[in-house]
Novice: 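Quick one: this structure, given as structure tokens, is what I'll be asking you about.
What you are looking at is a predicted structure, and each value in this text was computed from that prediction instead of being measured. Counting convention: from 1, in listed order, for ligands and their atoms alike. The first residue in the sequence is number 1, and the count goes up from there.
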Amino acid sequence: MAKTFLVVAEARGGKLRQVSFEALRAAQLSAAEGDSIHAVLIGGSGTKALASELAAYGAESIYVVEDAALDNYNSEAYLSALLAVTGEVKPSALYFGHTAAGRDLAPLAAAKLGAGQLSDVTAISRSGDRVAFTRPLYAGKAVEKKAFTDPDGTWVVTIRPNNIAPQAPDASRQAPVIDVAYPAPSLRSIIREVVKKTSGTIDLAEAKIVVSGGRGVRSAEGFQPLEELAAVLGGAVGASRGACDAGYCEYAMQIGQTGKVVTPEIYIACGISGAIQHLAGMSSSRVIIAINKDAEAPIFKVADYGIVGDLFEVVPLLTEEFRQL
Ligand code: FAD
């Protein structure tokens, strides 16, 4: 039976998040000939203007639920909007980014639609009729490959950012944009204000380069050299829980088991020992560079490049070198 894929795209600050294109690619990798791939965009005013970009990345049609009340993510409102679209599209697979919103909305949708769910998928392969989903386990120490037992049932899948490269966009590709009205639910909670806790403009979860600081940074001011290095590299600044607990930075920057999971192309760990809970959030980075004054620090076991030294000497030197490139 042909499958109908519905990719739940996400926008932030008037721009589509990169993971939306990655989720589209994930659907393309899962699809067989005859399957169709659509996208849905839910948000406040201006959302519809983003639809053409989804067409460029291969969505065959884009369903839009645009309403001022959807400006900020809200579980009840977004679920109501999504169900209005699934009522029309009747998808047999829904793909989300494994983001804060995706992690919240996907299981709600799965429960409502009686679907099975696979979360935090990092790769997809197809062999004949069988689609295999790869996901990390045990803080990245193992991976498992899973498949849905009922290929004709409804699938819900979340895609870890920065793992599945989107296909090259083609701006000439056109797709119909369909407005969908939704029954605005009477909300049990509303968001009054969103206070941004980090100053960086680059989303940590989607950053290609992350410069991260640990307790070795020693103070809030100690993050300054890391911020300069990140700025020169066009990256984002993250942290270990040690640094957050010590009050050097916001918890929004925490990477690890109880923080954010990142998969950048380059992860630079500065003054981070490499506890298992930290590795859970960054060990699948493509290249790991560790700077630590203790040559025995466990972070060096996962690092591709290690620099044994004082971060306050090494980081400014790196910044100067990269500035000249
Ligand atoms: P430390 O372990 O104190 O390491 C500091 C490092 O800095 C040392 O290796 C030292 O050699 C080096 N250093 C010091 N000065 C310098 C210098 N000048 N130059 C270079 N190197 C220097 N941790 C996380 O990070 N993320 C999580 O999500 C997380 N979740 C957790 C969940 C649970 C349930 C538990 C129990 C723990 C969790 N932790 C998490 C905490 C984790 O176990 C570690 O305590 C924490 O990661 C340590 O942070 P750190 O590496 O910054 O500090």
Side-chain angles (χ1 to χ4, degrees), residues 98-100 102-104 119-120 122 135-142 158 160-163 197-198 200 203-207 209-230 232-233 235-264 266-285 287-322:
H98 193 73
T99 58
R103 289 203 306 260
D104 186 58
S119 300
D120 206 13
T122 54
R135 50 193 299 270
L137 288 177
Y138 306 122
K141 282 198 172 302
T158 68
R160 184 185 281 200
N162 265 349
N163 278 270
K197 285 285 196 180
T198 47
D203 188 319
L204 195 50
E206 294 189 343
I209 299 179
V210 172
V211 181
S212 221
R215 228 187 313 251
V217 166
R218 290 206 300 255
S219 66
E221 296 72 43
F223 266 91
Q224 184 65 33
L226 278 62
E227 277 158 20
E228 285 167 21
L229 177 58
V232 165
L233 295 173
V237 179
S240 71
R241 177 155 149 191
C244 300
D245 282 346
Y248 305 161
C249 58
E250 299 287 350
Y251 279 101
M253 290 162 67
Q254 184 184 319
I255 290 167
Q257 187 182 316
T258 42
K260 293 196 166 80
V261 174
V262 297
T263 317
I266 304 176
Y267 187 87
I268 308 178
C270 311
I272 294 177
S273 59
I276 181 76
Q277 296 90 352
H278 186 75
L279 301 187
M282 45 63 75
S283 59
S284 54
S285 306
V287 175
I288 298 171
I289 302 171
I291 304 166
N292 198 302
K293 63 181 186 186
D294 174 8
E296 302 299 320
I299 190 78
F300 288 125
K301 292 205 176 87
V302 296
D304 299 283
Y305 299 96
I307 304 172
V308 180
D310 187 329
L311 71 94
F312 294 105
E313 289 168 20
V314 176
V315 172
L317 285 175
L318 289 177
T319 307
E320 273 324 300
E321 281 298 318
F322 287 123

Novice: Does Ser240 approach ligand 1 within less than 4.0 angstrom via side chain, backbone, both or neither, non-hydrogen atoms only?
Specialist: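 The answer is both, backbone and side chain.
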Novice: Any idea which of Asp245, Asn292, Asp294 brings a heavy atom closest to atom 9 (O) of ligand 1?
Specialist: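 Nearest heavy atom to atom 9 (O) of ligand 1 lies in Asn292.
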Novice: Can you see which heavy atom on Arg160 is nearest to which on Thr122, and at what distance?
Specialist: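 In terms of heavy atoms, the two residues are closest at CD-CG2, 3.9 Å.
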Novice: Kindly identify the option in Pro298, Ser273, Ala297, Gly281 whose heavy atom sits closest to atom 1 (P) of ligand 1.
Specialist: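 Ranked by closest heavy atom to atom 1 (P) of ligand 1, first place is Ser273.
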Novice: Answer yes or no: is there a donor N or O on one side and an acceptor on the other, between the side chain of His98 and the main chain of Pro161, under 3.5 Å?
Specialist: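 Not confirmed, His98 side chain does not pair with Pro161 backbone.
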Novice: Does even one non-hydrogen atom of Gly309 get within less than 4.0 Å of ligand 1?
Specialist: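 A heavy atom of Gly309 does come that close to ligand 1.
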Novice: For ligand 1, which atoms sit closer than 4.0 Å to a heavy atom of Thr258?
Specialist: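 Close to Thr258: 27 (C), 28 (O), 29 (C), 30 (N), 31 (C), 32 (C).
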Novice: Evaluate Leu311 for polar contact with ligand 1, using N/O atom pairs at a separation under 3.5 Å.
Specialist: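 For ligand 1, there is an N or O atom that lies under 3.5 Å from one belonging to Leu311.
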Novice: Quick one: nearest non-hydrogen protein atom to atom 7 (O) of ligand 1, plus distance?
Specialist: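 Sorting protein heavy atoms by distance from atom 7 (O) of ligand 1 puts Gly271 O, 3.0 Å first.
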Novice: Going by the atom numbers of ligand 1, which of them fall below 4.0 Å from some non-hydrogen atom of Gly256?
Specialist: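 Per the distance check, 26 (N), 27 (C), 28 (O).
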Novice: Quick one: does Leu233's side chain get under 4.5 Å of Leu318's, heavy atoms only?
Specialist: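 Side-chain contact under 4.5 Å: no.
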Novice: Does ligand 1 have any atom that is closer than 4.0 Å to a heavy atom of Ile255?
Specialist: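 Heavy atoms of Ile255 do come under 4.0 Å of ligand 1.
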Novice: Mind listing the closest non-hydrogen atom pair of Phe300 and Asp294 along with its distance?
Specialist: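 Minimum heavy-atom separation between Phe300 and Asp294: CE1-O, 3.2 Å.
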Novice: Of the non-hydrogen atoms in Cys270 and Val315, which two are nearest, and what is the gap between them?
Specialist: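 Nearest heavy atoms, Cys270 then Val315: SG-CG2, 4.0 Å.
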Novice: Would you mind running through ligand 1 and noting each atom that sits below 4.0 Å from a heavy atom of Gly214?
Specialist: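 Listed by number with element: 52 (O).
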Novice: Side-chain contact test, heavy atoms from C-beta onward, threshold under 4.5 Å: evaluate it for Ile299 versus Met282 and give yes or no.
Specialist: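 Of all side-chain heavy-atom pairs linking Met282 with Ile299, at least one is under 4.5 Å.
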Novice: Check this for me: Tyr305, atom OH, are more than 12 non-hydrogen atoms of other residues, nucleotides or ligands nearer than 6.0 Å?
Specialist: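 No - once you tally the heavy atoms of other residues, nucleotides and ligands closer than 6.0 Å, there are 12 at most.
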Novice: For Ala239, is there any backbone N or O sitting under 3.5 Å from a side-chain donor or acceptor partner on Ser212?
Specialist: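 Indeed, once roles are kept as given, a pair shorter than 3.5 Å links the two residues.
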Novice: Of Met282, Arg218, Glu313, Gln254, which has the heavy atom at the shortest distance from atom 27 (C) of ligand 1?
Specialist: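 It is Gln254 whose heavy atom sits nearest to atom 27 (C) of ligand 1.
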